[in-house]
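This report refers to the structure that appears directly beneath it.
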Amino acid sequence: MPIERILVVNGSPRGNNSNTRVMIDEFLKGAGKAGADSEIVTLAEKQIEHCLGCFFCWTRTPGECVLDDDMEDLLPKLDTDLLVFATPLYVDNVTGLTKNFMDRMIPLLDPHIGIDEGGECAHDMRSGRSPLIAVVSNCGFAGMSHFQVLRLLFRRVARNLRSKVVAEIYRDMGGLLTARSILLKPLRASYKKNLRKAGREVVENGGISDITQHKLQRPLIPRKKYVEAVNKQFDKTLSKLEESRPEEE
């Protein structure tokens with residue numbers, strides 16, 4: 001399926017001022033160069049209530065949720081070629097904003113249960129068409145092992161939507177993407193270039209090449225150096241806060 005339209009769901013609570021947004025922007029620049037149109041939905045700017053589990057969207061009002069919030073306008077946007085879930089890692093998982101959005105996607109599904117190719121139960125999409133899925137995430141820890149849950153989660157999400165994951169971009173040491181250090185500028189420039197390349201490859205080839213994937217996963221700096229820098233910065237911040245506290249009488 002050609003990828004002409006891309007919808008990115010940014011689940012970072014920090015919205016447009018996030019490391020996640022840095023990754024999204026560069027990926028979409030590359031996708032745009034390959035001819036794809038894109039839109040970013042910033043969940044931090046939307047009012048989306050929790051799913052009530054009432055199943056009215058399957059029975060009384062098929063395909064429509066009883067809740068009156070921004071999800072009503074967002075659901076039609078999911079009729080796209082590529083759906084990008086972009087989220088920082090929170091407790092080894094997606095953010096609450098992202099999970100809430102995912103729960104509220106249930107009106108898109110038909111309530112009847114079918115059996116998929118793997119012999120598992122699954123629903124069909126009401127429209128009969130599911131978007132391809134890509135994942136963009138970053139975390140404050142060093143090491144790619146921290147994304148194990150997301151790797152499995154979105155494969156299961158894709159299975160539930162009768163779709164497939166065509167791209168995964170995970171960035172450890174995510175804070176370096178927005179850290180104020182001139183020494184990091186060349187590293188960030190190189191990484192952003194690879195993000196743009198990944199975006200272009202996904203649109204043109206339906207996935208990210210092994211070479212580009214390898215470059216995207218290379219550590220930005222040595223792990224030990226990163227851990228020391230992060231801890232030093234926190235100690236400095238905590239020390240300033242302690243000094244600013246009024247003395248007890």
Side-chain angles (χ1 to χ4, degrees), residues 1 3 5-13 20 23-24 27 40-41 43 46 48-55 57-58 63 65 71 74-139 141 143-172 174 198-199 202 206-208 210 213 216-217:
M1 182 179 76
I3 297 175
R5 295 178 298 152
I6 301 175
L7 178 70
V8 179
V9 178
N10 180 2
S12 173
T20 304
M23 298 175 70
I24 293 170
F27 177 84
I40 301 173
V41 172
L43 295 183
K46 303 297 181 180
I48 302 176
E49 301 296 332
H50 296 290
C51 176
L52 299 177
C54 64
F55 295 113
C57 62
W58 282 359
C65 183
M71 201 66 189
L74 296 181
L75 282 176
K77 295 179 182 294
L78 294 172
D79 181 18
T80 186
D81 299 321
L82 179 66
L83 173 58
V84 182
F85 287 99
T87 173
L89 198 69
Y90 276 27
V91 196
D92 277 0
N93 210 310
V94 298
T95 63
L97 289 172
T98 305
K99 182 58 168 65
N100 201 32
F101 177 86
M102 293 163 67
D103 290 345
R104 292 289 304 280
M105 289 172 62
I106 190 173
L108 298 176
L109 303 178
D110 185 282
H112 299 90
I113 297 176
I115 306 297
D116 66 16
E117 295 178 354
E120 291 188 85
C121 293
H123 296 286
D124 285 321
M125 297 285 285
R126 288 185 182 279
S127 66
R129 176 179 182 272
S130 299
L132 297 171
I133 292 176
V135 188
V136 173
S137 183
N138 69 94
C139 73
F141 286 138
M144 290 295 170
S145 63
H146 298 286
F147 298 101
Q148 293 180 68
V149 173
L150 287 197
R151 290 182 186 279
L152 175 58
L153 171 64
F154 282 105
R155 277 164 176 72
R156 298 297 295 180
V157 169
R159 187 200 69 83
N160 286 329
L161 296 178
R162 304 294 185 106
S163 182
K164 64 178 180 178
V165 177
V166 296
E168 295 175 273
I169 303 176
Y170 300 123
R171 178 71 273 161
D172 63 340
V202 168
I208 302 174
D210 291 341
Q213 193 74 59
L216 286 169
Q217 294 183 351

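Among residues two or more places apart in sequence or in another chain, the ring pair (Phe, Tyr, Trp, His ring centres under 6.0 Å) test is passed with F85 by F154. Y170 meets the side-chain contact (heavy atoms from CB on, under 4.5 Å) test with V135, S137, M144, F147, L150, R151, E168; sequence neighbours excluded. Evaluation of the side-chain contact (heavy atoms from CB on, under 4.5 Å) rule for A134 yields L82, V84, A167 as partners, not counting sequence neighbours. Residues satisfying the salt bridge (charged side-chain N to carboxylate O under 4.0 Å, His left out) criterion with R156, sequence neighbours excluded, are E120.
Note that the CZ atom of R162 and the OG atom of S130 stand 8.5 Å from one another [nearest 0.5 Å]. Note that the CG atom of L74 and the CD1 atom of I48 stand 5.0 Å from one another [nearest 0.5 Å]. Distance CG/L109 to CZ/R126: 8.0 Å, rounded to 0.5 Å. Taken from OG in S12 to CG in L43, the straight-line distance is 9.5 Å, to the nearest 0.5 Å. Distance CG/L108 to CG/D124: 13.0 Å, rounded to 0.5 Å. Atom CZ of F101 is separated from atom OG1 of T87 by 12.5 Å, given to the nearest 0.5 angstrom.
With a 4.5 Å cut-off on side-chain heavy atoms, L78 and L7 count as touching. Under the 4.5 Å side-chain criterion, counting only non-hydrogen atoms from C-beta, I106 is in contact with F55. A heavy-atom distance below 4.5 Å is not found between the side chains of D79 and S127. For the pair K164/I133, no side-chain contact is recorded, criterion being any heavy-atom separation below 4.5 Å from C-beta on.
We find that R129 and D81 are joined by a salt bridge, their nearest charged nitrogen and carboxylate oxygen being less than 4.0 Å apart.
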Let me see the working for R104 and E49 under side-chain contact (heavy atoms from CB on, under 4.5 Å), right down to the final yes or no. CA-CA 8 Å; R104 292 289 304 280; E49 301 296 332; 4.0 Å; yes

Before you tell me yes or no, could you show the steps for V202 and I208 under side-chain contact (heavy atoms from CB on, under 4.5 Å), namely the whole-Å CA-CA distance, both residues' side-chain angles and the distance that decides it to 0.1 Å? CA-CA 6 Å; V202 168; I208 302 174; 3.7 Å; yes

Any chance you could lay out the side-chain contact (heavy atoms from CB on, under 4.5 Å) test for L153 and V94, step after step, and finish with the verdict? CA-CA 9 Å; L153 171 64; V94 298; 3.8 Å; yes

Using the side-chain contact (heavy atoms from CB on, under 4.5 Å) rule, take M71 and M105 through it: C-alpha gap first, then chi angles, then the decisive distance, then the call. CA-CA 9 Å; M71 201 66 189; M105 289 172 62; 4.3 Å; yes

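A pairwise comparison of heavy atoms in A86 and T20 identifies CB-CG2, 3.7 Å as the closest pair. Across all non-hydrogen atoms, the minimal contact from G11 to T95 is O-OG1, 2.7 Å.
Here the two rings, on W58 and H112, have centers that are 6.0 Å apart or farther.
The stretch residues 105-117 participates, sequence neighbours left out, in these salt bridge (Lys or Arg N to Asp or Glu O under 4.0 Å) pairs: D116-R159. Applying the salt bridge (Lys or Arg N to Asp or Glu O under 4.0 Å) definition to pairs two or more places apart or across chains, those involving residues 82-99 are K99-D103.
Judged by distance alone, the side chain of N138 and the main-chain N or O of L89 form no donor-acceptor pair under 3.5 Å. Looking at T80, its side chain never comes within 3.5 Å of a backbone N or O of L83 through a donor-acceptor pair.
Applying the 6.0 Å contact sphere to CZ of F141 captures no more than 12 heavy atoms from other residues, nucleotides or ligands.
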